[in-house]
Structure formats: C-alpha cells, structure tokens
Amino acid sequence: EPMRRAQATRYDYDQVSQNAYTEVRYERSRGSREPTFGSACTGAAIGFLCIVGATILLWTNEGDSVHAQQSLLEARKALELPESDRHGLVHISGPIITHPVKLRDTEFMVVPPVPAMSLTRSVEVFLWQERTETHRRQVSDGEGGHVDEVRTTQHYDTIWAGKAINSDSFAHPEGHTNPSWEATLDEIEKRTNLPFRGGRFIAKATLRGEPGAEAPGGVPLELSAALRAKAETSQPATAAMMQESDAHLKRDPHRDGYVKGSHAYNAKECLAAAPRVGCARVSWKWAPAPTASVIAQADHADEQGPNLRPWPTKAGPGYEVELLQLGRRDATTMLDAAAGAATLGTWLKRGVGLLLACLGWSLLFGPATLLVSWVPLVGPALGGLAGCLLTTVAVGVGLAHALTTVAVAWLAHRPGLAVSLLAAAALSLFGGLGALWGAKTGGPRTSASASSSGAVPLWPPLPPCNHHA
C-alpha cells in the first residue's frame with residue numbers, strides 16, 4: 001500500500017455502509033507556495049476596491065446619520081406642538097385590535113387561543129437529503145515523502161423538508177430518490193380533500209389610544225405593513241391548540257387528515273417515527289395581538305388603506321418617522337431608543353469602513369513588499385522588516401483616509417467637528433510617515449543633548465519587528 005501511494009497521485013475506492021458512501025483519494029502534497037508578483041498585483045487590485053468601498057460606505061453613512069438624527073429631532077419638536085400643528089404626527093398607545101377578532105384556518109379548523117394578527121400554515125414533506133464531509137491529512141508515501149489523503153463521505157438521511165430537494169443532483173441517487181414536490185402535494189390534496197400547502201391568514205390590525213393617551217378622536221387607526229411587521233411576534237401552535245382540529249377532522253367523513261402533537265398528517269402511516277418518503281404534514285404559527293405604542297402619521301380620510309403611515313420629514317424620502325415599540329411607551333422613550341439604535345448603526349458602519357480602508361492600503365502596498373524581498377543578498381532580511389514597516393504605514397494611511405472621508409462628509413453639516421477630524425487625520429498620517437522615516441534614519445534621536453534639553457520625541461520608537469533572514 002505505501003508503494004502504491006507513492007506511485008499514484010490518485011487512488012479511489014467506495015465504502016458503502018448504512019447510507020454513507022466514502023471516497024478516498026491520494027494527492028501529491030502541494031506544500032507552501034511562494035508569493036508571486038502576479039498574486040501581489042491581484043491583491044493590490046482587491047485593495048483598491050476595498051478603499052473605494054470604504055470611501056463610499058463612510059461617505060453615505062455620515063449623510064444617513066445626520067438625516068436620521070435630524071428626522072428624529074424634527075419629530076420630537078413636532079410632538080411638543082398642539083395636535084393641529086403636527087401635520088398628522090401622532091403618538092398613541094394601547095392594545096392592537098384585530099378584525100375579525102377570531103382568526104382561523106377553516107380547512108383544518110385551527111384557531112389561536114387569543115386574538116391574532118396573523119396565522120401561517122407551513123407544509124413539510126419527508127425526503128432524502130445529502131450531507132458531505134471532507135477530511136484531509138498527510139500520510140507516508142513509502143519512499144520517505146508524504147501524500148495528502150482526502151476522504152470525502154456522502155451521508156444520506158431522511159428529514160421533514162420545508163422545500164423541494166432534487167435527488168438527481170445527489171452523488172449517489174440510487175436508493176435515495178425523492179418524489180416530485182408538486183406532484184406529491186397534488187396527489188395528497190386529491191386523496192385527503194385538504195389543502196396540504198402553505199398559506200397565510202391576516203387580520204386587519206388597528207390601534208386606538210386608551211383614555212389619557214393621544215388618541216385622535218378615539219378613532220381606530222389601521223397599521224401599515226411596516227408597523228405590522230414590527231408588532232408581530234410569531235409562535236408555533238401547541239398540541240392543545242390542535243385539539244379542536246383533531247375533533248373536526250374526525251367528524252368530517254370527507255376529509256382524511258390525522259393530528260399528532262402540533263402537526264396534521266396526510267395518512268396514518270405518516271404518524272410513525274420513521275415514516276415513508278413522500279409523507280406530508282402541516283404546522284402553524286400565529287402572532288398574538290399585543291399592546292403597542294406608535295409614532296407615525298395618522299390619516300383619517302383614507303378608508304381603503306392603512307391609516308398609520310410613515311410621517312414625512314424635511315430630510316426627504318427614506319427618512320420618514322414610523323416607530324413602533326411593544327408595550328406602553330411615552331414618546332420621549334421611543335425617540336431616545338430610535339436615536340440610540342441609529343447611533344449604534346452609524347458607529348458599526350464606521351468601524352467596518354475603517355477596517356476596509358486599512359485592509360485596502362495594506363493590500364495596495366503588497367507589490368512593494370514583494371519587490372523589496374527580491375533584492376539580492378539582503379532581500380530576505382529586508383523583506384520582513386519592510387512588511388512590518390509598510391503594514392504600520394498602511395494602518396496610519398487607512399486611519400487618515402477614514403477620518404478624512406468622515407470629516408469631508410461632515411463639512412456641510414458640522415464644520416467645527418469636521419475641522420477637528422481633519423486635524424486628527426493629519427496627525428495620523430504624519431505619525432505613519434514618521435514611523436517610516438524613523439526606521440530609515442535609525443529611529444528617533446536620543447542624543448545626550450536632546451536628553452539634557454528635555455526634548456521629547458514627536459513619536460515613540462517602533463517595537464522591533466521579528467523576521468527571519
């Protein structure tokens with residue numbers, strides 16, 4: 001076997017065991033690859049794209065931050081005015097009322113225990129799935145060298161799948177064939193006279209302020225789609241919730257469905273722990289109607305669409321105010337939470353932009369580092385040192401790039417802060433170039449005259465860079 005490994009770069013065999021197929025192949029060890037000038041140039045091109053992406057992200061992020069904070073401040077000031085001067089902006093709190101009060105899936109007779117905003121039916125089919133595992137290790141080739149042993153195993157298991165799985169793409173489809181998704185569900189529907197399909201039932205959701213709240217005339221206001229999405233917190237149906245469905249299916253001789261736990265199945269044999277491939281079952285999720293607080297525009301005249309809509313601000317489209325929080329919250333608490341979330345998002349994007357800028361400049365300096373390492377005699381020694389120095393410079397330049405982009409973006413909004421950021425960017429750039437100059441001239445001067453005069457170096461000396469000659 002060792003001689004066979006040494007003489008062949010590839011050797012395959014299959015091992016079949018309980019729906020698992022293993023393929024083993026042997027490849028000559030690739031070893032470590034020396035960087036090439038072409039790969040360094042490719043990295044530099046990627047670095048340039050990172051710099052462009054960082055610039056766009058930082059620039060747009062600052063504008064978004066300013067507009068978002070201005071919109072929230074505008075809403076805060078508007079809520080301090082009389083209701084007639086708010087241009088439709090309201091703050092109301094209370095329980096969300098659904099119409100109809102009892103939402104239900106009439107085909108299976110599934111009814112949430114309390115008023116619900118939505119009821120969603122999902123279908124699953126019992127199908128085969130393929131899982132692939134790959135392991136690589138080095139083994140002896142019998143001649144003092146090594147080869148890579150690559151072991152790839154395909155596992156085949158059955159699961160309740162929420163979407164179709166095409167068994168034709170399996171590496172070993174024999175014995176693991178899945179039926180057609182649509183054909184299977186069509187046949188089940190004809191045989192059971194039940195819709196084994198996904199479905200969603202939605203109740204009209206309105207909010208009417210409680211006594212003492214800012215309820216405009218006590219008129220119920222319908223929530224927009226965005227407000228509904230914030231208010232809905234789905235939870236799965238329970239076995240207790242399915243008792244009425246079980247009794248309904250048993251009473252109806254024209255429907256052939258079987259309830260077990262929180263699911264309804266299409267056949268008795270599908271109730272087993274390991275049913276046959278092609279069995280189907282349905283389950284439900286529902287969103288109870290909560291108590292909520294809303295800050296949005298109230299439109300009483302529209303009787304067709306939602307009455308609670310985004311409140312337009314001076315910042316323009318995309319910066320409307322439409323807030324919803326669960327529970328009873330005053331306007332100040334809601335606006336403070338929205339401002340905090342906006343600030344957190346702004347700082348996260350700033351961090352991503354800074355990392356992209358530093359990474360981009362590091363990659364952009366890659367070809368220079370490689371060229372230095374090719375210098376005869378001293379190249380290997382200087383390559384490591386140059387890499388450390390250029391990385392330090394890249395971090396400084398990347399920080400300066402990010403600060404400059406942010407400062408220029410703020411010039412039109414807060415000139416004072418912009419000037420401070422530009423000064424910090426200049427210091428960062430000066431520090432990075434100073435580190436490079438200090439390394440070139442042997443580091444910052446520490447002569448006796450400097451010590452006696454009490455002069456302090458402008459930047460601290462760089463830590464030594466470990467490198468291998």
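Not measured: the values here are computed from a predicted model.
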Between R25 and E23, is there a salt bridge with N-O shorter than 4.0 Å?
yes

Here the gap from N266 atom CG to R281 atom CZ, rounded to the nearest 0.5 Å, amounts to 11.5 Å

A292 and I96 have their tightest heavy-atom pair at CB-CD1, 4.1 Å

Rounded to the nearest 0.5 Å, the CD atom of Q325 sits from the CG atom of L335 at a distance of 9.0 Å

For this session: For the residue pair Q129 and T158, confirm or rule out a side-chain donor-acceptor distance under 3.5 Å.
Result: no

Here the gap from L103 atom CG to F201 atom CZ, rounded to the nearest 0.5 Å, amounts to 8.0 Å

**Asked** Judged by modelled atom types alone, do D330 and T333 share a side-chain donor-acceptor pair under 3.5 Å?
**Response** yes

Note: L359 and C50 closest approach over all heavy atoms is CD2-SG, 4.4 Å

Less than 4.0 angstrom from a charged side-chain N to a carboxylate O is my criterion; do R197 and E182 meet it? yes

Q.
Counting C-beta onward and ignoring hydrogens, is there a side-chain heavy-atom pair between L221 and V294 closer than 4.5 Å?
A. no

Given the options W181, W160, Y265, F126 meets ring-ring contact (aromatic ring centres under 6.0 Å, His included) only with W160

> Quick one: does S167's side chain have a donor or acceptor within less than 3.5 Å of a partner on N178's backbone?
Replying inline: yes

Would you say the side chain of Q69 lies within less than 4.5 Å of the side chain of T343, judging by non-hydrogen atoms? yes

### Task
Kindly indicate, with the supporting measurements, whether the criterion side-chain hydrogen bond (donor to acceptor under 3.5 Å, both in side chains) is fulfilled by T152 and E133.
CA-CA 6 Å; T152 303; E133 296 179 354; over 6 Å; no

Rounding to 0.5 Å, atoms CZ (R350) and OG (S65) come to a distance of 5.5 Å

One thing to verify: whether R200 and D105 come together as a salt bridge, which I'm taking to mean a side-chain N less than 4.0 angstrom from a carboxylate O. no

To the nearest 0.5 Å, atom CG of L363 lies from atom CD1 of I51 at 8.5 Å

Salt-bridged, E27 to R136, with N to O below 4.0 Å? yes

Sorted by chain and number, sequence neighbours left out, disulfide bond (SG atoms under 2.5 Å apart) with C279 holds for C270

In the structure I gave you, are the side-chain heavy atoms of P310 and Q297 within less than 4.5 Å of one another anywhere? no

Checklist line | More than 12 heavy atoms of other groups within 6.0 Å of K230 NZ | finding: yes

message = Checking side-chain polar atoms at under 3.5 Å, does Y258 have a donor or acceptor matched by the opposite partner on D246?
response = no

Applied to residues 43-56, the side-chain hydrogen bond (donor to acceptor under 3.5 Å, both in side chains) test, sequence neighbours excluded, yields T55-H401

Taking everything shown except H155 itself, do over 12 heavy atoms lie less than 6.0 Å from its NE2? yes

Taken to the nearest 0.5 Å, the spacing of S224 OG from L324 CG works out to 9.0 Å

Query raised in the report: Mind checking whether F108 and W284 have parallel, tilted or perpendicular rings, split at 30° and 60°?
Result: perpendicular

Carboxylate-amine/guanidinium contact R276 E269, below 4.0 Å:
yes

- Task: Tell me yes or no: between the side chains of E62 and T346, is some donor less than 3.5 Å from an acceptor?
- Result: no

Worksheet entry | Note: D256-K268 ion pair, threshold 4.0 Å (strictly below) | no

Tightest non-hydrogen contact, residues A75 and L89, listed as O-CD2, 3.7 Å

I'd like to know whether T153 forms a side-chain hydrogen bond (donor to acceptor under 3.5 Å, both in side chains) with T22, so could you lay out the CA-CA distance, the side-chain angles of the two residues, the decisive distance to 0.1 Å, and finally the verdict.
CA-CA 4 Å; T153 304; T22 301; 3.2 Å; yes

For S71 and T313, the nearest pair of non-hydrogen atoms, with its separation, is OG-OG1, 3.2 Å

#### Entry: Ionic contact status for R121 with E107, cut-off 4.0 Å
no

| said: If only side-chain N and O atoms count, and only distance matters, is there a donor-acceptor pair under 3.5 Å linking W128 with D157? | reply: no

_Do the side chains of R76 and E74 get close enough for a salt bridge, i.e. N-O under 4.0 angstrom?_
no

Any luck finding a side-chain donor-acceptor pair between E124 and S283 under 3.5 Å? no

query = Which of parallel (below 30°), tilted (30 to 60°) and perpendicular (above 60°) describes Y156 and H176?
reply = parallel

Of all heavy-atom pairs linking V259 and S245, the shortest is CG2-OG, 4.0 Å

